[in-house]
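Structure, as structure tokens:
Here is how names work: the chains are called A, B, and so on, in the same order as the sequence lines, proteins then strands, and each is numbered from 1. These numbers were taken from a predicted model, which means no experiment stands behind them. Only heavy atoms go into these numbers, but all of them, side chains included; no hydrogens, no water, no symmetry mates.
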There are 2 protein chains.
Amino acid sequence: MTLPVPPWEQRAPKRRPAKLPLSREAILAAAFRILDAEGLDAVTMRRIADELDTGPASLYAHVANKDELYALLLDQAAGEMRLSEPSAEHWQDRAKEFIRELERVLVSHKDLGRAALARIPTGPNSLAASEALLALLRAGGVPDQDCAWAADILSLYAVAHAYENGLHLLQAGGEEAGIAYVAAIGQYFRQLPTDRFPNIVELAGLLTTGDGDVRFEFGLDLLIRGLASRAADAKRDHG
Amino acid sequence: MTLPVPPWEQRAPKRRPAKLPLSREAILAAAFRILDAEGLDAVTMRRIADELDTGPASLYAHVANKDELYALLLDQAAGEMRLSEPSAEHWQDRAKEFIRELERVLVSHKDLGRAALARIPTGPNSLAASEALLALLRAGGVPDQDCAWAADILSLYAVAHAYENGLHLLQAGGEEAGIAYVAAIGQYFRQLPTDRFPNIVELAGLLTTGDGDVRFEFGLDLLIRGLASRAADAKRDHG
DNA sequence: ACCTGAACACCGTTCAAGT
DNA sequence: ACCTGAACACCGTTCAAGT
């Protein structure tokens with residue numbers, strides 16, 4: 001049994017319990033909520049403002065612009081990476097784990113990887129991650145210039161893959177729809193004219209097998225083999 | 001006996017000199033003009049319509065939506081690639097040339113590479129390019145599954161690099177500004193606290209040396225070495 | 001110092017109406 | 001069939017005004 005509320009105590013129903021004071025943290029938290037639910041495209045200044053019961057202009061007291069906001073999201077995500085210690089003997093495994101971890105964290109925030117493309121990360125968490133990767137590679141005896149460029153290339157690979165993976169996951173509306181889409185592409189390849197596209201037709205099956213993970217591992221294997229091969233060459237030439 | 005001319009076939013006297021009839025070709029041409037001058041962000045339905053002296057709604061009679069338009073741009077660009085014949089002995093060089101060519105064509109259209117990310121190309125020119133790449137790899141004796149996945153990974157590498165390169169070229173407002181930006185990043189790395197970021201500080205120079213091209217070649221070397229290494233392993237295991 | 005409403009200059013896409 | 005104007009539901013960012 002519920003008692004009637006006297007008219008003088010009736011309030012407009014507040015959909016949100018308490019309006020927290022605006023802050024960079026609150027803005028980032030709201031941004032992550034939207035990002036994780038709907039993807040990066042939904043993370044607009046106006047949506048965030050909505051989420052915080054204010055107007056879009058209010059955000060600009062705490063964040064320079066949307067680009068800086070994305071950089072902050074990225075650095076916060078970088079802080080979620082679990083970094084491991086260098087190991088001379090197992091540098092290849094450690095490097096692989098690092099790149100997997102970067103990809104994992106990015107995909108866990110949908111298509112956040114897109115925000116990492118074409119940006120040199122300079123936030124504290126991103127720097128700590130780069131530092132760890134460089135340490136991993138140097139411990140393995142990879143030449144310094146290779147370490148520097150490899151850190152760049154390996155991260156680019158993780159980011160690009162994370163973006164593709166995250167977007168598929170998002171727009172297909174789940175893992176299953178993504179698989180169905182790839183299967184449909186396979187069918188499309190199979191029915192192409194054999195005289196013009198013999199290799200595509202013949203390899204249609206192989207082109208569309210493997211989920212994101214095994215394809216990711218394949219590229220990772222190529223890159224690390226390449227690095228090891230160069231490191232071996234350098235050792236031979238030098239010593 | 002003359003048939004009546006339907007109203008829509010009657011030609012209105014053209015008051016302005018050069019208004020071509022709308023067509024997919026005219027729309028694509030206008031889109032490329034904007035793209036090559038200002039980059040992908042400027043290629044909006046409304047800008048294209050402006051360029052063609054019409055309203056944005058008119059474009060939808062020729063193009064399903066903006067996403068299809070981007071796919072068409074991409075396939076037309078793929079048609080600009082110069083493809084080479086397979087060669088068993090020189091498959092590594094041929095594969096490298098292919099990836100360089102893909103990157104070159106994309107960068108020649110500013111940041112068009114972005115439109116290639118997270119999209120499986122299905123247009124005729126893109127298919128012809130994929131077909132050529134698969135032929136190149138198979139001629140070199142790369143195992144079929146490796147060919148299939150490598151075609152994907154190598155293209156992803158070219159596309160991701162082209163996007164970064166194209167964007168730097170665009171937003172820096174030219175080659176020189178881009179170099180200045182990288183140099184500034186180098187200075188930033190150098191003044192970081194040595195205790196927290198020893199490797200970044202020490203490698204600051206190496207991290208920021210090399211223009212886009214030599215960094216691109218480095219990654220390409222890693223990938224092709226990796227492929228060759230796998231191919232050698234497969235040969236050993238199998239024969 | 002922080003927040004706000006209103007405005008500016010844009011978007012992609014739809015739809016009924018025109019030729 | 002093709003094209004159009006107007007509208008809808010959005011954007012990022014600025015700015016003068018408020019507290």
Side-chain angles (χ1 to χ4, degrees), chain A residues 14 16 18-31 34-35 37-74 111 114-115 118-119 167 170-171, chain B residues 3-16 18-31 34-35 37-74 111 114-115 118-119 167 170-171:
Chain A
K14 39 183 172 185
R16 288 161 245 270
K19 183 167 171 183
L20 296 169
L22 227 43
S23 68
R24 194 172 263 226
E25 290 70 42
I27 289 170
L28 280 175
I34 300 166
L35 171 65
E38 300 174 44
L40 197 63
D41 272 333
V43 182
T44 68
M45 300 303 270
R46 295 178 109 101
R47 264 301 294 282
I48 297 169
D50 252 25
E51 197 87 1
L52 297 171
D53 256 324
T54 183
S58 303
L59 306 180
Y60 287 84
H62 304 271
V63 156
N65 51 35
K66 199 182 149 187
D67 195 65
E68 189 189 271
L69 179 83
Y70 279 10
L72 291 170
L73 287 175
L74 219 41
D111 57 342
R114 199 186 64 203
R119 185 192 306 276
L167 199 64
L170 192 70
Q171 73 189 14
Chain B
L3 292 169
V5 179
W8 55 83
E9 288 188 6
Q10 289 172 14
R11 310 198 99 209
K14 38 185 173 182
R15 300 177 290 122
R16 307 239 280 122
K19 181 163 173 185
L20 296 167
L22 227 45
S23 69
R24 194 172 263 228
E25 289 72 42
I27 290 171
L28 280 175
I34 300 167
L35 172 64
E38 301 174 43
L40 197 64
D41 272 334
V43 182
T44 68
M45 301 303 270
R46 295 178 109 102
R47 264 300 295 282
I48 297 169
D50 253 24
E51 197 87 0
L52 297 171
D53 255 324
T54 182
S58 303
L59 306 181
Y60 287 84
H62 303 272
V63 155
N65 52 34
K66 199 181 148 188
D67 194 65
E68 190 190 89
L69 179 83
Y70 280 10
L72 291 170
L73 288 175
L74 219 42
D111 57 342
R114 198 186 63 202
R119 186 193 305 277
L167 200 63
L170 192 69
Q171 72 189 15

Q. Looking only at atom P, what distance separates D:dA9 and C:dA9, rounded to whole Å?
A.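 So the two P atoms sit 23 Å from each other.
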Q) Rounded to whole angstroms, how far apart are CG on B:Leu59 and C1' on D:dT4? A)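 Distance check: B:Leu59 CG to D:dT4 C1' gives 12 Å.
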Q. When every nucleotide of nucleotides 7-19 of chain D is labelled 5' to 3' by its protein contacts under 4.0 Å (heavy atoms), B for base, S for sugar-phosphate only, - for none, what sequence of letters results?
A. B---BBBBB----
Q) Can you list the residues that meet the side-chain contact (heavy atoms from CB on, under 4.5 Å) rule with B:Asp41, with sequence neighbours excluded? A)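 With neighbours one apart ignored, the set is B:Arg114.
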(Q) Is there a side-chain contact between B:His62 and the phosphate of D:dA1, meaning an N or O under 4.0 Å from OP1 or OP2? (A)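 No.
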Q. Can a side chain N or O of A:Ser58 be found less than 4.0 Å away from OP1 or OP2 on C:dT4?
A.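 For C:dT4, OP1/OP2 do have a side-chain N/O of A:Ser58 under 4.0 Å.
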Can you see which heavy atom on [X] is nearest to which on [Y], and at what distance?
{"X": "A:Pro21", "Y": "A:Ala26", "result": "O-CB, 4.3 Å"}
{"X": "B:Ala71", "Y": "B:Arg119", "result": "CB-NH1, 3.8 Å"}
{"X": "B:Ala118", "Y": "A:Leu167", "result": "CB-CD2, 3.3 Å"}
{"X": "B:Ala31", "Y": "B:Ile48", "result": "CB-CD1, 3.9 Å"}
{"X": "B:Leu22", "Y": "B:Ser58", "result": "CD2-CB, 3.6 Å"}

Q. If pairs are Watson-Crick or G-U with both distances under 3.5 Å, what is the dot-bracket string of DNA chain D, marking crossing pairs with [ ] and pairs to another strand with |?
A. ||.|||||...|||||.||
**Q.** side chain to side chain contact (heavy atoms under 4.5 Å, CB included) between B:Leu69 and B:Leu59, worked out
**A.** CA-CA 10 Å; B:Leu69 179 83; B:Leu59 306 181; over 6 Å; no
Q) So do the side chains of A:Asn65 and A:Glu68 get within less than 4.5 Å of each other, counting heavy atoms only? A)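 Yes - at least one pair of side-chain heavy atoms lies under 4.5 Å apart.
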